[in-house]
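Let me begin by presenting the structure, written as structure tokens, before commenting on it.
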Number of protein chains: 2
Amino acid sequence: MKTTRNTAAKTAVLEIFGKSKTALSHTEIQKQIGDLCDRVTIYRILDRLVNDDIVHKIVNLDGTVKYAKCHHHAQRVHIHNHAHFSCENCLEITCLENVKPSYILPHNYKVNDINFTLSGLCPNCLNSNN
Amino acid sequence: MKTTRNTAAKTAVLEIFGKSKTALSHTEIQKQIGDLCDRVTIYRILDRLVNDDIVHKIVNLDGTVKYAKCHHHAQRVHIHNHAHFSCENCLEITCLENVKPSYILPHNYKVNDINFTLSGLCPNCLNSNN
DNA sequence: ATTTTAAAAGCAACTATGTTGCATTAAAAT
DNA sequence: ATTTTAATGCAACATAGTTGCTTTTAAAAT
Ligand SMILES: [Mn+2]
Ligand SMILES: [Mn+2]
Ligand SMILES: [Zn+2]
Ligand SMILES: [Zn+2]
């Protein structure tokens, strides 16, 4: 069993996630980290955090990849089956933890992971853009 | 109104889509196209086909982007709200045209597009792997 | 407290994917 | 046949992510 270590960089990344209400891309994290660590290190930290079910990965229709903290640890089978909203205007991606899709799958499919992303206009942009 | 033209390259791409039962990446199409046209041309054809609602774009959790023919033209509001299945073993992505997620969104969100991708093991790989 | 060990980081080089500008070609309307 | 402009080719660029290898360092063992 390989142990996971608490490094300065990892702590900084987790702190950034803690402060953010929206999902963050590698680049956005890098901007906040500055030169505290190398950009490769951020990639590796994100990989580890995803592996340890501490953050989850969100892939948008435009190809951008973002990460957000998990708010639902207890479960044994850890699937992020909630929706994500991607605003085409402000480009923010938010977890909609309470929006869970229901669907009926044909037999003989084994689902390990779900990516459910809705794009459009978020409440903020819908109001101001009218 | 700008008109769309039928070129040799576009015809070839459409033919490739016609023959394929699974979704195709730019690279996969390029391999089949050979040197019939430049790789940039394939990108531009795919963009046009997506714009014209002839194919739709699928983004997988591993970041790979694939395209598949649309089988549902008639509708006015053209949203590809069906599920896609991405097999972690054979790496094929298939449209599950009949699997449509239902979900309840909070007020004030305007949805323009949906990306709903399930990853796991497809029926083929589930059988042969165990 | 000191030593050990292997996880994590730094750095450079590389790959993969997608984009842009501009000159040239060719589909299709006239 | 001529005209128009969508589409292509090509080169250069941009961005995101990966890999190999050495060095550093967290934390376990002593
Ligand atoms: Mn989420
Ligand atoms: Mn589809
Ligand atoms: Zn917004
Ligand atoms: Zn499979």
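In what follows, every chain begins at residue 1, and chains take the letters A, B, ... in the order their sequences are listed. Not measured: the values here are computed from a predicted model.
- The stretch residues 33-48 of chain B touches DNA chain D through B:Leu36, B:Cys37, B:Asp38, B:Val40, B:Thr41, B:Arg44, B:Ile45, B:Arg48, each having a heavy atom within less than 4.0 Å of the strand.
- A close approach under 4.0 Å does occur between a side-chain nitrogen or oxygen of A:Thr27 and OP1 or OP2 of D:dA16.
- Recorded end-axis angle for the helix from C:dA1-D:dT30 to C:dT30-D:dA1 stands at 40°, based on five pairs per end and rounded to 10 degrees.
- For B:Asn51 and D:dA7, the CG to C1' distance is 15 Å, given to the nearest whole Å.
- Applying the side-chain contact (heavy atoms from CB on, under 4.5 Å) rule to A:Ala12 yields the partners A:Ile33, A:Leu36; only residues at least two apart in sequence or on another chain are considered.
- A 4.5 Å side-chain heavy-atom check between A:Thr94 and A:Thr22 finds at least one atom pair inside the cut-off.
- From B:Leu105, atom CG reaches atom CG of A:Asn98 across 11.0 Å, with rounding to the nearest 0.5 Å.
- The interatomic distance linking A:Lys31 (NZ) with D:dT15 (P) rounds to 10 Å, in whole Å.
- The distance between atom NZ of A:Lys10 and atom C1' of C:dG10, rounded to the nearest whole Å, is 19 Å.
- The separation between A:Tyr67 atom OH and D:dA16 atom C1' is 10 Å, rounded to whole Å.
- The distance from atom CZ of B:Arg5 to atom P of C:dA27 is 9 Å, rounded to the nearest whole Å.
- Between A:Asn89 and A:Leu121, the closest heavy-atom pair is CB-CD2, 3.7 Å.
- The aromatic rings of B:Tyr103 and A:Phe116 sit perpendicular to each other, their planes meeting at more than 60°, with 30° as the lower class boundary.
- When all heavy atoms of A:Asp53 and A:Cys70 are compared, the closest pair comes out as O-SG, 3.7 Å.
- The nearest pair of heavy atoms linking A:Lys110 to B:Phe85 is O-CZ, 3.6 Å.
- Side-chain atoms of B:His84 and B:His56 form a donor-acceptor pair, as typed in the model, at a separation below 3.5 Å.
- Applying the 4.0 Å criterion to OP1 and OP2 of C:dA28, one finds that B:Thr3 has every side-chain N and O outside that range.
- In this structure, A:Ile29 atom CD1 and D:dG17 atom C1' are separated by 14 Å, rounded to whole Å.
- Taking only side-chain nitrogens and oxygens, B:Thr7 comes nearer than 4.0 Å to OP1 or OP2 of D:dT8.
- Two residues, B:Asn6 and B:Gly63, neighbour DNA chain C, and the one matched to the more 5' nucleotide by heavy-atom proximity is B:Gly63.
- What separates CG of A:Asp62 from P of D:dT15 is a distance of 15 Å, to the nearest Å.
- Of all the heavy atoms in B:Ile114 and A:Leu61, the pair that sits closest is O-CD1, 4.2 Å.
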